[in-house]
Student: 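Dropping a structure here in structure tokens format, bear with me for questions.
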Amino acid sequence: ANPVESGWDRERMRQCWTFLDLTSRSFAAVIKELKGELSRVICLFYLVLRALDTIEDDMTIPADKKVPLLVDFYKYLEQPGWNFTESGPNEKDRQLLVEFDKVIAEYQLLDQGYRTVISDITAKMGAGMASYIELSGKAPLSVSTWKHFDLYCHFVAGLVGEGLSRLFSESKLERPWLGHQLELSNHMGLFLQKTNIIRDYAEDCQEGRFFWPKQCWADDYARFASQPDVASGIVETKPGSGKYKPADSELGRRSMYVLSSMLLDAMSHATSALDYLALLKEQSVFNFCAIPQVMAIATIELMFNNPDVFKKNIKIRKGVAVGLILKAVNPRDVAYTFLAYARKIHARLTPADPNFARWCVELARIEQWC
Ligand code: PS7
Ligand code: MN
Ligand code: MN
Ligand code: MN
Ligand code: MN
Ligand code: MN
């Protein structure tokens with residue numbers, strides 16, 4: 001076909017790859033390594049969802065404007081030329097929305113099977129995000145119970161897992177039934193999303209978003225009613241040192257147990273993630289799926305008993321990340337990586353932690369899997 005007539009534009013797709021580099025620190029490399037057309041398909045899937053999340057995250061857009069934008073976002077994929085120039089100037093991914101017409105044009109060139117999946121997931125995610133804004137009313141975005149926490153994470157990450165599995169099947173690189181493994185796909189997304197939400201605690205609070213379910217401070221709810229206060233149980237070891245410890249108080253100790261309960265909840269998805277990885281057959285798809293999962297479990301271990309979580313974003317060291325990537329090549333080695341981190345956590349557990357018994361069960365499940 002005539003490349004001009006078919007709308008094929010090398011320069012425009014190149015710009016989409018640049019958007020991927022600009023907006024994703026963690027996924028750009030693994031997406032580029034995907035085999036065949038899957039790398040372009042998933043690059044565009046990423047950019048569509050990144051744009052949607054940029055709207056969700058933009059606190060300068062009032063709720064009555066944001067809700068219809070999120071709900072209708074999937075329709076804009078069918079409107080050549082659509083873009084959005086009204087994000088706040090501080091929005092780091094603003095440019096992607098300003099030039100979103102390029103993503104739409106490339107999306108329009110995908111086979112119908114791929115487009116259906118991307119459109120369907122975008123519609124569901126946008127509606128899910130909007131429902132949480134409406135639930136929170138005029139107050140900042142917040143999550144009440146553990147059930148609501150799982151549902152929010154399903155909307156923003158479990159659905160990504162579902163969409164990815166369906167795209168893998170659609171490409172024929174993976175078996176046709178992988179796209180129907182919705183439950184395991186959901187676990188894959190929840191493991192990443194929960195780790196992200198725990199890690200971004202300080203940053204999200206500053207921006208007026210409270211994702212840790214209020215129920216996580218259960219009995220102490222009265223004292224921990226406003227979430228940023230939990231962090232007030234965390235103090236600097238020496239003023240100006242940038243190092244933190246729990247205050248020698250009930251509040252300080254309880255803060256660490258709340259963190260422990262959040263990490264335990266995230267960890268409950270680990271063995272399902274291993275189950276999912278064992279279903280994959282194509283190497284580049286395996287690496288794409290496994291690398292974020294090993295990064296997540298390493299981040300969970302780093303956050304365990306770490307008071308810094310309440311004050312700043314912690315990150316695993318570059319060298320550690322490289323070592324993890326090299327080993328994330330087959331299900332057995334990924335399981336061993338999981339096991340190694342499970343054991344590190346086990347060694348640091350204390351029976352004083354109210355979550356102690358449940359941690360032991362969870363870590364034993366990882367031992368059992370291997
Ligand atoms: C399409 C690769 C592999 C079956 C933008 C990958 C934000 C953790 O906003 O960028 O900076 O705090 O650190 C990713 C399942 C989704 C879940 C979700 C889509 C794995 C919009 C990742 C990425 C499923 C909602 C990025 C869920 O974290 O967040 C593609 C299988 C986007 C996956 C968001 C979070 C992703 C996230 P931020 P990050
Ligand atoms: Mn990020
Ligand atoms: Mn968001
Ligand atoms: Mn975000
Ligand atoms: Mn997010
Ligand atoms: Mn985040």
Side-chain angles (χ1 to χ4, degrees), residues 19-20 22-34 38-59 61 66 70 73 91-93 96 103 114 117-118 121-122 124-126 128-130 132-133 141 143 152-169 174 178-179 181-204 207-211 266 269 272-277 279-280 282 284-296 299 313 315 328 334:
F19 287 134
L20 180 68
L22 290 174
T23 57
S24 178
R25 296 116 310 250
S26 32
F27 289 103
V30 278
I31 291 175
K32 288 179 198 164
E33 292 296 325
L34 282 163
L38 207 43
S39 94
R40 185 170 52 105
V41 173
I42 290 181
C43 172
L44 294 170
F45 187 34
Y46 180 92
L47 293 176
V48 168
L49 299 183
R50 172 51 66 204
L52 183 67
D53 182 55
T54 303
I55 293 173
E56 190 209 20
D57 290 357
D58 189 338
M59 294 312 190
I61 306 172
K66 191 186 280 191
L70 293 171
F73 194 79
E91 214 28 76
K92 64 183 188 329
D93 300 323
L96 170 64
V103 178
Y114 293 133
V117 176
I118 294 175
I121 298 299
T122 306
K124 288 175 176 159
M125 189 183 294
M129 286 170 163
Y132 274 76
I133 293 172
L141 188 70
V143 175
Y152 179 77
C153 292
H154 166 73
F155 287 141
V156 299
L159 286 171
V160 184
E162 287 185 15
L164 287 170
S165 294
R166 289 166 64 187
L167 294 173
F168 299 156
S169 292
E174 292 295 341
L178 188 72
Q181 292 294 336
L182 303 187
E183 194 151 323
L184 290 180
S185 306
N186 189 51
H187 282 294
M188 289 285 284
L190 262 56
F191 191 56
L192 301 186
Q193 185 65 31
K194 288 180 175 182
T195 305
N196 179 289
I197 279 177
I198 302 169
R199 197 203 56 187
D200 291 353
Y201 177 86
E203 190 184 287
D204 285 335
E207 288 166 22
R209 284 188 288 269
F210 306 103
F211 294 118
H269 303 287
S272 299
L274 294 175
D275 289 337
Y276 180 90
L277 293 174
L279 301 179
L280 301 174
E282 202 282 319
S284 73
V285 171
F286 184 88
N287 296 351
F288 168 81
C289 293
I291 290 169
Q293 303 288 320
V294 294
M295 298 296 170
T299 305
N313 273 20
K315 228 177 161 353
V334 170

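Side chains included, hydrogens not; waters and symmetry mates left out as well; all remaining heavy atoms used. All ligand and atom numbering here is 1-based and tracks the order in the structure.
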Student: Tell me, do Met129 and Asp53 make a side-chain contact under 4.5 Å, heavy atoms counted?
Tutor: yes
Student: Distance under 4.0 Å to a non-hydrogen atom of Cys289: what atoms of ligand 1 satisfy this?
Tutor: 3 (C)
Student: With a 6.0 Å cut-off (strictly less than), is the heavy-atom count around CD of Glu207, excluding the residue itself, greater than 12?
Tutor: yes
Student: If you check every N/O/S atom of Glu56, which is the one nearest the Mn ion (ligand 3)?
Tutor: OE1
Student: Have a look at ligand 1 and work out which part of Tyr46, if any, has a heavy atom under 4.0 Å from it: side chain, backbone, both or neither.
Tutor: both
Student: Within a distance under 4.0 Å of any heavy atom of Gln193, pick out the atoms of ligand 1 and give their elements.
Tutor: 8 (C), 18 (C), 27 (C), 35 (C), 37 (C)
Student: Find all atoms of ligand 1 within a distance of less than 4.0 Å from any non-hydrogen atom belonging to Ala157, and give their numbers and elements.
Tutor: 27 (C)
Student: Quick check against the 3.5 Å criterion: does Lys66 have a side-chain atom that pairs as donor or acceptor with the backbone of Glu56?
Tutor: yes
Student: Nearest non-hydrogen contact with atom 13 (O) of ligand 1 belongs to which option: Val156, Ile121, Asn196, Leu192?
Tutor: Asn196
Student: So between Gly161, Ser165, Ser26, whose heavy atom ends up nearest atom 24 (C) of ligand 1?
Tutor: Gly161
Student: Heavy-atom contacts under 4.0 Å between Leu164 and ligand 1: side chain, backbone, both, or neither?
Tutor: side chain
Student: I'd like to check which ligand 1 atoms, numbered from 1 as shown, lie under 4.0 Å from a non-hydrogen atom of Phe288.
Tutor: 2 (C)
Student: Give the atom numbers and elements of ligand 1 that come within less than 4.0 Å of a heavy atom of Asp53.
Tutor: 7 (C), 9 (O), 21 (C)
Student: For the backbone of Val285 and the side chain of Glu282, can you confirm whether one donor and one acceptor N or O come within less than 3.5 Å of each other?
Tutor: yes
Student: If I compare all heavy atoms of Ile198 with all of Ala266, which pair ends up nearest, and what's the gap?
Tutor: CD1-CB, 4.1 Å
Student: Give the atoms of ligand 1, by number and element, whose distance to some non-hydrogen atom of Tyr276 is under 4.0 Å.
Tutor: 4 (C)
Student: For the CD atom on Glu33, are there more than 12 heavy atoms of other groups (residues, nucleotides or ligands in this structure) within a distance under 6.0 Å?
Tutor: no
Student: Would you mind running through ligand 1 and noting each atom that sits below 4.0 Å from a heavy atom of Phe45?
Tutor: 1 (C)
Student: Examine the proximity of ligand 1 to Asp200 and report which part, side chain or backbone, both or neither, has a heavy atom under 4.0 Å away.
Tutor: side chain
Student: So, do Leu164 and Tyr46 sit near enough that their side-chain heavy atoms are less than 4.5 Å apart?
Tutor: no
Student: Check Thr122 against Leu52 and note the closest heavy-atom contact, atom names and distance.
Tutor: O-CD2, 4.0 Å
Student: Should Gln293 be counted as touching ligand 1, given the test is an N or O pair under 3.5 Å?
Tutor: no
Student: By atom name, which N, O or S atom of Asp57 is the nearest to the Mn ion (ligand 3)?
Tutor: OD1
Student: Would the distance check show the side chain of Ser185 and the main-chain N or O of Gln181 forming a donor-acceptor pair, the cut-off being under 3.5 Å?
Tutor: yes
Student: Between the Mn ion (ligand 3) and Asp53, which N, O or S atom of the residue is the nearest one?
Tutor: OD1
Student: For Phe286 versus Leu277, what's the shortest heavy-atom pair and its separation?
Tutor: CE1-O, 3.6 Å
